[in-house]
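Let me begin by presenting the structure, written as structure tokens, before commenting on it.
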Amino acid sequence: MIDPEKLEKAEEEFKVCSPLFLALGDENRQKVCLDLAAAGAEGINVADLSAKSTLSRPAISHHLKILKDAGIVEPVKKGTQIFYRLHLKSAFFQVKALINTIEEIITEEGTSEEKA
């Protein structure tokens with residue numbers, strides 16, 4: 001039998017990770033993330049991101065906002081410009097916790113079936 005407390009914990013962790021999953025579920029945002037990764041720690045501005053894409057600057061800004069709200073992207077102001085870079089550590093820490101909880105549930109379920 002699966003521990004109800006672990007199931008509840010997994011449900012909460014899914015809720016915490018939902019914005020991340022939603023943000024990364026869009027192909028345009030996936031491309032933006034790859035472009036940000038290619039830009040490295042220095043980051044890249046909206047104009048340069050737009051030049052690498054078929055999307056307009058307002059569309060790129062919209063996708064960056066969603067990624068920022070999900071904790072995936074970090075804006076860095078340099079002079080009068082804002083550069084964006086990936087900020088994955090904290091976002092994926094939450095996903096890692098969810099995976100660990102699910103692995104615990106699966107392991108417990110497997111152990112329960114072996115005993116039966």
Measuring from [X]:[atom1] to [Y]:[atom2], what's the distance to the nearest 0.5 Å?
X	Y	atom1	atom2	result
Leu49	Lys31	CG	NZ	8.5 Å
Leu88	Ile72	CG	CD1	7.0 Å
Lys89	Lys96	NZ	NZ	9.5 Å
Arg29	Lys65	CZ	NZ	11.5 Å
Asn100	Thr107	CG	OG1	10.0 Å
Leu67	Leu20	CG	CG	9.5 Å

Verify the neighbour count for atom [atom1] of [X]: are there more than 12 heavy atoms of other residues, nucleotides or ligands below 6.0 Å?
X	atom1	result
Phe92	CZ	yes
Lys78	NZ	yes
Lys6	NZ	yes

Checklist entry - So, does Arg85 use its side chain to make a donor-acceptor pair with the main chain of Ala41 at under 3.5 Å? => result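 Yes, the answer is positive, given that a donor and an acceptor are paired below the 3.5 Å cut-off.
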Next on the checklist: Whether the side chain of Ser50 engages the backbone of Leu55 through a donor-acceptor N/O pair (distance < 3.5 Å, no angle test) should be reported.
Outcome noted: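 The answer is yes, because a donor-acceptor pair under 3.5 Å joins these two groups.
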With the side chain counted from C-beta on, respond yes when [X] and [Y] share a heavy-atom pair under 4.5 Å apart, and no when they do not.
X	Y	answer
Val73	Val32	no
Ile102	Phe14	yes
Ile44	Leu36	yes
Leu98	Phe21	yes

Next on the checklist: If hydrophobic clusters are built by linking Ile, Leu, Val, Met, Phe, Trp and Tyr wherever their side-chain heavy atoms come under 4.5 Å apart, do Leu64 and Ile82 end up in the same one?
Outcome noted: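 Yes: a chain of side-chain contacts under 4.5 Å links Leu64 to Ile82.
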Item to check | Contact summary for Leu24 and Gln30, nearest pair of heavy atoms | outcome: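 Of all heavy-atom pairs spanning Leu24 and Gln30, the closest is O-NE2, 2.7 Å.
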Checklist entry - Would you call Lys9-Glu12 a salt bridge at under 4.0 Å N-O? => result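 Answer for the salt bridge query: no.
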Checklist entry - Does the pair Asp48 and Lys52 meet the rule for a salt bridge (charged side-chain N to carboxylate O under 4.0 Å, His left out), with working shown? => result CA-CA 7 Å; Asp48 291 341; Lys52 293 175 155 276; over 6 Å; no
